[in-house]
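For reference, the structure is listed below as structure tokens.
Order of the sequence lines fixes the chain letters, A, B, ..., with proteins taken first and strands second; residue numbering starts at 1 for each chain.
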Amino acid sequence: MSPTSPTSSAIKKDSGFGAAQIILTLSIGILVVVVAVPVLLIFLNAFWDNNNDFNLAAVVKVLSEPDTYQALLNSIIIACGTTLGSTAVGTFFAWLVTRTDLPYKKFMKGMFLVPFMLPSFIGALAWKMLLSPRAGYINRFFMDTLGFDNPIFNIYSYAGIVMVEIMYLFPFVFIQVCGALEHMDPTLEESARISGAGLGTITRKITIPLVLPSILSGALLIMLYSMAHFGTVAVLGIENGIFNIPTLIYEKIHQSAGSFESIRTGTVLASVLVITAAFIIWMQNKILGKGRYQIIAGKSFRPMELKLRGLRIPLLIFCLAYIGFTIVLPTAVIFLVGALPTYGLPFTLENLSLENYKFILFDFKVTRDAIFNSVTLGLAAALITMFAGVMISYVIVKMKVRGKGILEFLGMLPFSVPGSVIALGVILAWSGKFGINLYNTVWIILVAYIARYMAFSLKANSAALEQVHDSLVEAARACGATMWQALRDIVLPLVRPGMLAAFFLIFLPSLRELTVSIMLYAPTTRTIGVAIYTLNEDGETVRSAAMAGVALILIIVGQTLINRFTAKHKR
Amino acid sequence: MSYVRLVDVTKRFGEVTAVNKLNLEIAKGECFSMLGPSGCGKTTTLRMVAGFEDLDDGEIHVGERLLSSKKKGYYLPPEKRDFGMVFQAFAVWPHLSIYENVAFPLRIRKLPSAEIDSRTKTALKATNLLDVAKKSPEDLSGGGKQRVALARALAINPDVMLLDEPLSSLDPHLREEMRFEIKDLQRQFGFSIIYVTHDQAEAMALSDRILVMKLGVVQQIDTPMNIYRRPANKFVFSFIGLHNFLEVERKEGAYRLLAGEALDKNLTPPQDLATEARLTLASRPSEIDFVDDGGISGRVIRKSFLGEFVDYQITVGEQTVRVQKGRRTQGPEKDENCRLQLLHPVWYKVDE
Ligand SMILES: Nc1ncnc2c1ncn2[C@@H]1O[C@H](COP(=O)(O)OP(=O)(O)O)[C@@H](O)[C@H]1O
Ligand SMILES: [Mg+2]
């Protein structure tokens with residue numbers, strides 16, 4: 001449609017210049033207050049010194065201090081290890097469940113997605129209970145029962161951290177590669193077959209190269225996530241002095257109660273995170289934008305399957321063992337330890353009881369508050385972010401107003417700001433600097449959640465809005481509807497699924513949030529994640545496990561309800 | 001003489017019988033089309049020949065070689081059959097250059113590199129792709145991509161080329177052009193073609209023989225001319241082009257339109273049908289003339305100008321007939337009465 005055509009200018013005129021401008025301003029305002037100001041304050045604090053001078057030397061000095069330097073290095077080591085491992089594991093399993101005749105593939109696929117639901121710090125807790133060098137159940141079994149002199153594995157190590165992160169992050173690659181393999185036009189592989197290539201050659205020369213963009217994009221996602229990940233390193237690393245960027249920020253802010261030096265170190269580290277994240281996202285967009293081939297088929301029947309023959313049963317056993325080892329075992333340990341009176345006792349029937357569960361659910365104020373806080377915070381954040389997200393996405397995707405470019409830039413920000421950066425940013429912004437002091441209240445956590453989950457909402461809503469073709473609105477206008485009526489009667493019903501998706505995408509993860517809330521909590525504003533983490537820190541391992549068990553049940557029930565609900569709505 | 005042979009080939013998908021007891025012989029160098037509506041089992045047949053699907057009954061041979069046999073449980077895998085195949089959705093590999101796409105089957109066969117190069121270039125030249133060989137196939141239009149697919153299938157110089165609706169993703173004008181290119185390539189390289197399409201004009205233009213299929217069952221195998229002139233049944237008649245089916249009944253020894261007037265004396269069914277109480281009289285809209293006397297009487301209820309043609313909707317008794325005449329032909333106007341002469345009618349049993 002040409003912008004000079006009389007109809008389009010007519011539409012613009014009577015749609016009300018004022019309304020569009022108000023929406024745009026409001027959208028920009030939200031993003032500025034919630035995301036841009038905190039990030040800006042971080043950069044300001046990092047790069048400008050007390051005298052308001054730009055001071056790069058000071059930044060370099062902070063970065064070259066041994067502990068910051070080591071934290072940077074650790075983040076990189078852990079992120080690289082996790083990314084490589086998860087990519088290999090995720091790609092292999094994706095190939096296995098889409099391209100071979102492995103038995104029970106549907107079930108396997110479902111199971112490989114379960115780690116998406118499990119918070120990795122709970123997984124880390126479970127692995128600590130299993131493999132901590134002295135007290136871990138597996139290590140103790142080997143030493144006490146089998147007579148080993150030394151523990152077989154020390155989970156408080158780089159290898160331990162990377163292993164646990166792989167277990168809970170590989171689904172990012174798995175799901176991307178599964179999607180690509182399932183939707184790939186099967187004739188791409190069949191034409192290689194008829195050209196004379198066997199299945200092994202096809203996999204190497206056709207299939208893998210074609211899904212490489214999906215593999216890379218999943219890998220970068222994991223990189224991004226792992227760089228900025230707090231939970232696993234906090235649970236498994238601190239014991240042995242392994243800090244990464246987020247745990248060091250946390251340590252600095254917490255220990256020194258907000259001294260200038262520690263805030264400074266925190267902001268420098270946070271800046272590094274933001275810049276790295278922005279770079280990773282830029283790479284990902286480049287790969288997705290250019291490298292993704294049009295390999296999607298219109299209709300696709302069953303693609304070719306590699307006959308595993310003799311390997312079929314061994315691989316089945318391998319998959320089941322993997323699922324048992326990474327999903328069933330840690331989950332079971334959480335529930336079992338939660339049922340013990342003290343950590344370390346054997347799991348005999350007389351040792352197990354529901355006492356801890358009863359205590360944390362009904363008697364213990366800290367955990368009861370935490371559950372209440374997490375649920376209300378989650379609901380509030382999900383609702384607010386959903387509505388803000390649909391409005392902002394509408395401006396970005398659909399409206400033709402001046403000044404949209406600013407919004408598009410601001411809209412990218414939430415994607416590249418990791419949780420610990422947001423937490424630090426809101427501390428800087430909402431601790432009275434601008435006359436409002438939310439520090440030590442739930443409100444600061446709410447603000448941080450909104451900033452943290454805005455990206456999810458923008459993604460879901462703009463995807464939904466892109467499906468609504470302009471002609472639908474134009475048709476409504478042609479039928480005599482005003483702009484507002486068209487929005488209400490045509491656009492809103494069509495994007496409702498996107499809004500619902502955004503709501504759930506925010507509500508569920510916020511139930512298990514740790515990275516942000518750990519930086520912002522006060523004694524009465526603990527969240528579920530904080531409660532689990534602090535109980536564990538305080539040596540209350542069994543209560544921590546019981547609380548983690550409760551959280552798992554909440555998450556699983558929530559996810560099941562949502563799956564039901566969305567399945568019904570699709571039909 | 002026959003080169004590709006299908007014997008009693010049957011394929012079922014659960015409840016659906018996609019192909020039922022198909023018997024077929026295709027000569028060396030022949031261009032053979034399989035024609036039928038979507039879902040009738042054409043692709044399934046082709047994929048069984050290619051080796052992508054197992055058989056539920058029957059055997060497939062090419063020359064002396066047995067390719068598939070249900071009874072012997074023997075299936076030569078597709079990569080060993082040495083066919084060329086082209087798919088509807090192009091299926092060119094976007095991560096390889098055009099040259100590498102075409103060279104792929106030769107590299108798989110581990111030919112000496114000089115031979116790979118010369119044969120790749122031959123195939124590229126035959127498909128007019130030599131100039132763009134270094135480019136990515138993503139840079140080409142649909143027609144260009146399909147040329148790459150053709151070149152890749154040609155590279156090994158196959159005896160049999162399998163084409164599954166290769167032109168149906170292309171623009172109509174390109175489609176006609178590519179038909180001739182495929183025909184030229186066949187002349188040049190001498191392979192047999194098994195060509196799947198749902199477009200009867202395409203099948204007519206390309207083929208030495210056509211198989212018409214419906215719900216997995218063969219309806220007719222014949223030359224394009226015979227398929228058009230003497231369709232084996234009403235289904236083939238209607239599938240091959242525009243059609244009129246008039247129901248006629250036998251009364252007092254003569255045939256007349258259902259609840260209508262008697263037919264011309266010279267319009268009589270062939271001997272073997274002459275005893276049926278009811279018959280269908282099939283004719284093409286373009287093969288009906290307006291006459292002054294004789295024929296059957298009708299009344300024009302719609303007359304529309306379609307450019308090349310004038311299209312008439314005419315009621316005869318309780319039935320309607322469609323007639324198409326060149327725009328220069330003098331014809332009746334709307335609401336006028338007229339008389340129609342069917343030029344090459346074909347008789348069918350009502351339920352055939
Ligand atoms: N892999 C398959 N699984 C199940 N049904 C199939 C499969 N392939 C084809 N069919 C069915 O077999 C019938 C014939 O399909 P097909 O050979 O693709 O038809 P055509 O190519 O003539 O359009 C259809 O009913 C189709 O749904
Ligand atoms: Mg087909």
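- Listed for the B:Trp93 side chain is no donor-acceptor partner under 3.5 Å among the backbone atoms of A:Ile206.
- Counting only heavy atoms from C-beta outward, the side chains of B:Pro77 and A:Arg193 approach each other to under 4.5 Å.
- Among all heavy-atom pairs drawn from A:Ser191 and B:Ala91, the shortest one is OG-O, 3.4 Å.
- Only the side chain of A:Thr201 comes within contact range of chain B, with heavy atoms under 4.5 Å apart.
- Most heavy-atom pairs under 4.5 Å with chain A: of the set B:Pro78, B:Ala89, B:Ala149, this distinction falls to B:Pro78.
- In this structure, the portion of B:Phe87 lying under 4.5 Å from any heavy atom of chain A is its side chain and not its backbone.
- Counting non-hydrogen atoms of other residues, nucleotides and ligands closer than 6.0 Å to OH of B:Tyr74 gives a total above 12.
- If you take OG on A:Ser195 and CG on B:Leu106, they are separated by 9.0 Å, rounding to the nearest 0.5 Å.
- Heavy-atom neighbours of B:Lys135 NZ from other residues, nucleotides or ligands within 6.0 Å: at or below the threshold of 12.
- Of the two parts of B:Val86, neither the backbone nor the side chain holds a non-hydrogen atom closer than 4.5 Å to a non-hydrogen atom of chain A.
- Annotation: A:Lys459, atom NZ; neighbour count of heavy atoms from other residues, nucleotides and ligands within 6.0 Å does not exceed 12.
- Put simply, the side chain of B:His95 gets close to the backbone of A:Lys205: a donor and an acceptor are under 3.5 Å apart.
- Between the CG atom of B:Asp164 and the OG1 atom of A:Thr187 there is a distance of 9.0 Å, given to the nearest 0.5 Å.
- Side-chain contact check for B:Arg47 versus A:Glu190: some heavy-atom pair is nearer than 4.5 Å.
- The neighbour count for A:Phe279 CZ, taken as heavy atoms of other residues, nucleotides or ligands under 6.0 Å away, does not exceed 12.
- Heavy-atom proximity under 4.5 angstrom to chain A picks out B:Ile108, B:Arg109 from residues 107-117 of chain B.
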